[in-house]
Amino acid sequence: MPCPKLQKKFSFFLILPVFLISVLLFLESFSFAYPQWTVKLLNSLSAIRSINNYGAFAIMTTRRPEIIIEGSSDGIEWKEFPFCWKPDDPHKAPAFISPFHPRLDWQMWFAALSTPKENPWFASLLSCLLHGKKEVIKLFKANPFPTSPPKYVRALIYVYEYSSWSEKKEKGLWWNRTLYGLYFPPASLMVNPQNQEARDTPPAAKWQVSIFEHQ
């Protein structure tokens, strides 16, 4: 057993550095700009796993990128696949979902913070939409292609911001969104020489991407 007196003296010398490091980490959560040497120090101490930011989202993002999935029958006119919960239509108000957990909408948020290569499930999702799989389409608020699946799909990424009070009152807008770019290029199911869809091949092997010119 350690000596209580020695333990108290040792603890006293630890209180100040632990407190100072905790304050630095707390301010870092608000994107506080530190000198480079401070950043290196905090990164080194983080490896100890003793003085860290705790919580599922200790540091939140400052922008809200959102992925919008679109389908088309001719490659000219595109229709959005509306989600049940996450932002898409700028006129749709934020919804209370508790105690439910909309997994697809939740995963879409993480996907928007990375790339399709880091989210292989996203290509599988688009494949299911091209095949018109009912169990997947039910995860969306509505099906913009009720009679037959789209021939092409693509995904755009927008940056969303809350609208002002005047915009909400005059136009009914909850969000303002700005097109950021292309998340997943226009794609369709490849066809075999017999002009039939290659439905039995793995999802990664059946994308015909960049079939349209895009920037």
Side-chain angles (χ1 to χ4, degrees), residues 63-95 97 100-161 172-215:
R63 296 196 307 169
R64 182 160 193 154
E66 294 286 351
I67 298 172
I68 300 299
I69 298 175
E70 296 181 333
S72 175
S73 298
D74 54 11
I76 300 176
E77 181 183 358
W78 295 87
K79 299 178 182 179
E80 290 187 16
F81 281 88
F83 288 86
C84 296
W85 306 105
K86 89 175 193 69
D88 43 30
D89 180 3
H91 295 86
K92 185 171 72 176
I97 61 173
F100 304 104
H101 187 82
R103 181 166 294 182
L104 175 60
D105 297 56
W106 180 250
Q107 287 296 104
M108 291 295 294
W109 179 52
F110 288 106
L113 301 176
S114 53
T115 66
K117 289 184 179 180
E118 297 172 289
N119 298 277
W121 61 267
F122 189 77
S124 298
L125 172 65
L126 298 184
S127 175
C128 290
L129 295 179
L130 287 171
H131 283 109
K133 291 189 176 181
K134 295 180 180 179
E135 60 272 24
V136 174
I137 294 176
K138 287 181 179 179
L139 299 174
F140 292 83
K141 186 177 181 180
N143 181 12
F145 300 90
T147 56
S148 61
K151 187 175 181 180
Y152 309 104
V153 290
R154 70 180 182 184
L156 306 177
I157 190 163
Y158 289 83
V159 175
Y160 278 68
E161 296 178 332
L173 288 173
W174 281 89
W175 305 93
N176 285 317
R177 70 180 187 180
T178 304
L179 180 62
Y180 185 78
L182 194 64
Y183 184 79
F184 198 101
S188 65
L189 294 174
M190 294 181 66
V191 295
N192 59 27
Q194 286 73 36
N195 198 31
Q196 295 179 351
E197 292 182 359
R199 296 180 180 273
D200 298 328
T201 57
K206 60 189 203 179
W207 291 113
Q208 181 183 344
V209 298
S210 301
I211 53 178
F212 303 112
E213 292 183 2
H214 59 273
Q215 298 180 351

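FYI, the numbering just counts along the sequence from 1. As the structure is a computational prediction, the values presented were derived from the model and not from experiment.
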Spell out, as yes or no, whether a donor-acceptor pair under 3.5 Å connects the side chain of [X] to the backbone of [Y].
X    : Y    : answer
K79  : S73  : no
S188 : Y152 : no
K86  : P102 : no

Open item on the list: For F184 and F122, take the angle between the two ring planes, folded into 0 to 90°, and tell me which bin it lands in: parallel under 30, tilted 30 to 60, perpendicular over 60.
Closed with: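 If you compare the ring of F184 with that of F122, the planes turn out tilted.
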TODO: Describe, in one word, how the ring planes of W109 and W106 are oriented to each other, choosing from parallel (under 30°), tilted (30 to 60°) and perpendicular (over 60°).
DONE: tilted
TODO: Please name all residues satisfying ring pair (Phe, Tyr, Trp, His ring centres under 6.0 Å) with Y158, sequence neighbours left out, ordered by chain then number.
DONE: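 Per chain and number, Y158 pairs via ring pair (Phe, Tyr, Trp, His ring centres under 6.0 Å) with no residue.
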So how far is it from [X] [atom1] to [Y] [atom2], rounded to the nearest 0.5 Å?
X    : Y    : atom1 : atom2 : answer
L156 : I68  : CG    : CD1   : 8.0 Å
I97  : C84  : CD1   : SG    : 11.0 Å
Y160 : D88  : OH    : CG    : 5.5 Å
L126 : F81  : CG    : CZ    : 9.0 Å
L173 : H91  : CG    : NE2   : 4.0 Å
F145 : L129 : CZ    : CG    : 9.5 Å

Can you check whether [X] reaches [Y] side chain to side chain, under 4.5 Å on heavy atoms?
X    : Y    : value
Q107 : L125 : no
Y180 : R63  : yes
W175 : R64  : yes
Y183 : N119 : yes
R103 : L139 : no
D89  : P82  : no

Open item on the list: Please give me the minimum heavy-atom distance between A142 and P144, naming the atom from each residue.
Closed with: O-CD, 3.5 Å
Open item on the list: Please find the pair of heavy atoms, one from E77 and one from S72, that lie closest to each other, and give the distance.
Closed with: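 The answer is O-OG, 2.8 Å.
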Task: Basic-acidic side-chain contact under 4.0 Å: E80, R177 - done: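 A salt bridge links E80 with R177.
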TODO: Decide whether N176 and T178 meet the rule of one side-chain donor and one side-chain acceptor closer than 3.5 Å.
DONE: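 No, because no side-chain N or O of N176 sits under 3.5 Å from a partner of the opposite role on T178.
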